[in-house]
Structure formats: structure tokens, C-alpha cells
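Reviewing the structure listed below.
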Amino acid sequence: MNFMYKLERKFGRYAIKNLSLILIICYAAGYIMDFINPSFLYWLTLDPYAIAHGQVWRIVSWLLIPPPESNIFFALIMCVFYYSIGTTLERTWGSFQYNVYLFSGMIFTALGSFLMMGFTYLFKSDLLLNGAPAYFRIVSTAFSTYYVNMSIFLAYAATFPDNQVLLMFFIPIKVKWLGLVYGIFLVYEMISGLRIRDIGYIYPFVIGSSLLNFVVFFFTTRNYIRMNRAQRRMHREFKQNARKAQRDSRAAGVTKHRCAVCGRTEKDGDDLQFRFCSKCEGGYEFCQDHLYTHIHFTKDNKQQ
């Protein structure tokens, strides 16, 4: 059983519904504050030095700082787009797993800021000669929701690789290719950022920590996460029935045929027919009622 399912069964009732809308509302509030008083946003940044010295609200308030966008029209399009793909992911994965994905990205980002501060004190202490508060106040602006959005898009591209979007409003392109381009762009951005004098070293912390949720989440649950709730339920029932059929077979003696879903054998009816599925690995056999309705048993989903 997948560990994510175990967590969902235990804590799923605490999931926040429609989390994408809440995130977009935070962006809208941030844009309004930036329009009214841009300097106020400096009090909301993910500044690890300020947090360590009592300004604990920054652990959460940095989510109000929207992705940089000077054109209000494109900002609206961005909000609508990320709301659309976010709600699609939530409907597909379920609210709990979508919550886990977003919150883990936010937690990794916060941890990355503190790791960056520790690295600065250990190996870049000469940069703090003019004052640690001022230095971290400047570099903390690099930690923003921009990369949270990037992780949402990468998750969408990995979950629906063959879906199409309209690039520049009229060029149809599959999201898997856009995801690949985004990934290459992020690597380039991190490498080119390293060349910036005095602050370039922070970019591996900024980008790496913000996207660590994508790496961890999809390398551990990439097959399971693509199933919706009904498919996961069918998958669990299939595995349970297969294990039950194997136990019954050992207890009752060997039979020539046995369905891996319902456990019926040739002894349960003279009219039953059994066939092997060419798409399942492991030589599983199915009766005529489940030959075309079962979830294929492969090497990947055996491990879930």
C-alpha cells in the first residue's frame, strides 16, 4: 500500500479544500499591497535572519508576495492559468494529496532559506561585514511564490503529459514539452545565477528547495498519483483479491485455473473460462468477467 494512501486515510479529513483559490487570493492581496506601498512587502519576505530574531510571521507572510509581473493583464492571465491547473490537479489527486504537495513545497522553501543563512555564516561571512540584517533583507526577496507556481506546472505536466495548451494563445503544444523546457530553463537560471557576484550562491538554495517537493513527490508516488480515487480504490481491491486468491489456493490445494480478481477456479463452474492478460506481469490469470475490467498488474504498481 502506498504511503500516501496511509497518510490520507489517517489525516485526509484535515485537508483544505480549493487550496488553489486561497493561493490566488494571496497573490491578489500581494499585488494590491505592492501597488499601494511596495516597501511594505519587505516586512513580509522569507527573511531567515529576521525570523530567528522574532519576526515569526514571515514564515507564512512570504506567501503574500506574488510572482513578479508589472503588467496587470498578464498577471490576471497567470492567476487564471494557475488556478485552472491547480484545481485540475486537486480534482485528480484529491484535496489531501494536493495539500501535501503544496505545503511540502512551502516547507522546503522555508528550510532552504535557513540553510542559505547557515551557509552564508559558514562560508560567506565576509559578505556580512556591513550588517547581517541588511544583507539578508536583500537576498530574502529571491524566495517567492514564483517557484511554487513552477512546481505546480511541473506537477501538471508530469500528471497530464499529453494534454495540450495554447502557447501564445494560438500554438497548440503538449504540456510535457513545456514542462521539459521549464525544467531546462530552471537549470539554466540556477547556473547563470551563480555568476552573480556576492549573491549568486543563493540560487541553488532558492530554486532547489522550492522544487524539492516535485522531485520527492513524483519519484516516490509518480505511478500512484496519476490514479484518481476510484482507480486507487479498484487498484487496492484488485491487490487484496489477488492476495486472497493466492492464500485460498495454498489452503485448498492447487487448481489449474484461478482468477486473480475474484479467486474463482474451474471448480466454481463448468462454464467459466480463464485467460492470461498480456499486459499484466507475473502470469496472472482472469475469468471472463474480469479479463477486460481489471487494472493491469505491472512491475511499477506492485511496489505501491
Side-chain angles (χ1 to χ4, degrees), residues 23 25-72 74-75 78 82 102-152 154 182-216:
L23 194 61
I25 291 174
C26 290
Y27 293 169
Y31 283 125
I32 292 173
M33 286 186 288
D34 186 42
F35 177 77
I36 296 174
N37 185 7
S39 62
F40 180 73
L41 293 181
Y42 280 104
W43 289 93
L44 307 178
T45 59
L46 185 59
D47 184 342
Y49 183 89
I51 294 172
H53 288 77
Q55 298 180 17
V56 293
W57 66 82
R58 293 176 181 267
I59 296 177
V60 177
S61 64
W62 67 277
L63 297 173
L64 293 172
I65 300 178
E69 181 56 68
S70 57
N71 189 305
I72 187 63
F74 287 108
M78 179 207 68
Y82 281 108
L102 279 187
F103 284 127
S104 61
M106 297 169 187
I107 292 171
F108 287 145
T109 301
L111 291 176
S113 70
F114 282 94
L115 289 175
M116 180 273 297
M117 182 175 69
F119 184 88
T120 303
Y121 274 108
L122 289 174
F123 303 104
K124 300 286 184 178
S125 57
D126 56 308
L127 299 176
L128 305 178
L129 295 178
N130 293 326
Y135 179 80
F136 287 116
R137 182 173 182 266
I138 294 173
V139 299
S140 65
T141 58
F143 292 91
S144 72
T145 54
Y146 171 74
Y147 296 106
V148 174
N149 283 344
M150 295 290 272
S151 73
I152 294 174
L154 291 175
Y182 270 42
I184 295 173
F185 172 75
L186 288 171
V187 173
Y188 170 77
E189 186 176 6
M190 184 167 58
I191 294 175
S192 60
L194 290 171
R195 301 175 182 175
I196 301 177
R197 184 178 178 182
D198 294 340
I199 65 170
Y201 73 95
I202 72 170
Y203 282 91
F205 294 99
V206 174
I207 299 176
S209 62
S210 299
L211 299 180
L212 186 58
N213 63 328
F214 174 77
V215 176
V216 172

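- Using a 4.5 Å cut-off on side-chain heavy atoms (C-beta onward), L102 and I152 make contact.
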Compile the donor-acceptor pairs under 3.5 Å between side chains in residues 52-61 and protein atoms, sequence neighbours left out, one pair per line.
residue: H53; atom: ND1; partner: Y49; partner atom: O; Å: 2.8
residue: Q55; atom: OE1; partner: R58; partner atom: NE; Å: 2.6
residue: Q55; atom: OE1; partner: R58; partner atom: NH2; Å: 2.9
residue: W57; atom: NE1; partner: W43; partner atom: O; Å: 2.8
residue: R58; atom: NH1; partner: Y42; partner atom: O; Å: 2.8
residue: R58; atom: NH1; partner: T45; partner atom: O; Å: 3.2
residue: R58; atom: NH1; partner: T45; partner atom: OG1; Å: 2.9
residue: R58; atom: NH2; partner: Y42; partner atom: O; Å: 3.2
residue: S61; atom: OG; partner: L44; partner atom: O; Å: 2.9
residue: S61; atom: OG; partner: W57; partner atom: O; Å: 3.1

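- The side-chain hydrogen bond (donor to acceptor under 3.5 Å, both in side chains) analysis of residues 187-198, with sequence neighbours excluded, yields the pairs Y147-E189.
- Screening F114, F108, F119 for a ring-ring contact (aromatic ring centres under 6.0 Å, His included) involving F205 leaves a single residue, F119.
- Looking only at side-chain heavy atoms (C-beta outward), I199 and I138 stay at 4.5 Å or farther from each other.
- Considering all non-hydrogen atoms of both residues, S113 and P48 come closest at O-CG, 3.4 Å.
- Side-chain contact between I51 and W62 is absent, with no heavy-atom pair separated by less than 4.5 Å.
- Nearest heavy-atom pair, F143 versus S209, reported as atom, atom and distance to 0.1 Å: CE2-OG, 4.3 Å.
- Smallest separation of non-hydrogen atoms from S140 and L46: CB-O, 3.4 Å.
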Is there a side-chain contact (heavy atoms from CB on, under 4.5 Å) between Y203 and I196 once you walk through the steps? CA-CA 10 Å; Y203 282 91; I196 301 177; 3.9 Å; yes

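- Between L63 and C26 the shortest heavy-atom distance is O-CB, 3.7 Å.
- Interatomic distance, I184 CD1 to L186 CG, rounded to the nearest 0.5 Å: 10.5 Å.
- Interatomic distance, CG of N149 versus CG of L23, reported as 6.5 Å (0.5 Å rounding).
- For the residue pair T109 and G105, the shortest heavy atom distance occurs at OG1-O, 2.7 Å.
- Looking at residues two or more places apart in sequence or on another chain, you find no side chain to side chain donor-acceptor pair (under 3.5 Å) involving T145.
- S210 places no side-chain N or O within 3.5 Å of a backbone atom of I207 that could act as its donor or acceptor partner.
- Closest of all the heavy-atom pairs between D47 and F136 is OD1-CB, 3.4 Å.
- Contact annotation: the side chain of L111 never approaches that of L212 to less than 4.5 Å [non-hydrogen atoms, C-beta and beyond].
- By the side chain to side chain donor-acceptor pair (under 3.5 Å) test, N37 is found to be paired with S39, residues two or more places apart in sequence or in another chain being considered.
- Annotation: the span from M190 atom CE to I202 atom CD1 amounts to 13.0 Å, rounded to 0.5 Å.
- Applying the side chain to side chain donor-acceptor pair (under 3.5 Å) criterion to T120, with sequence neighbours excluded, gives Y201.
- In this structure F103 satisfies the side chain to side chain contact (heavy atoms under 4.5 Å, CB included) test together with I16, L19, N99, M106, sequence neighbours excluded.
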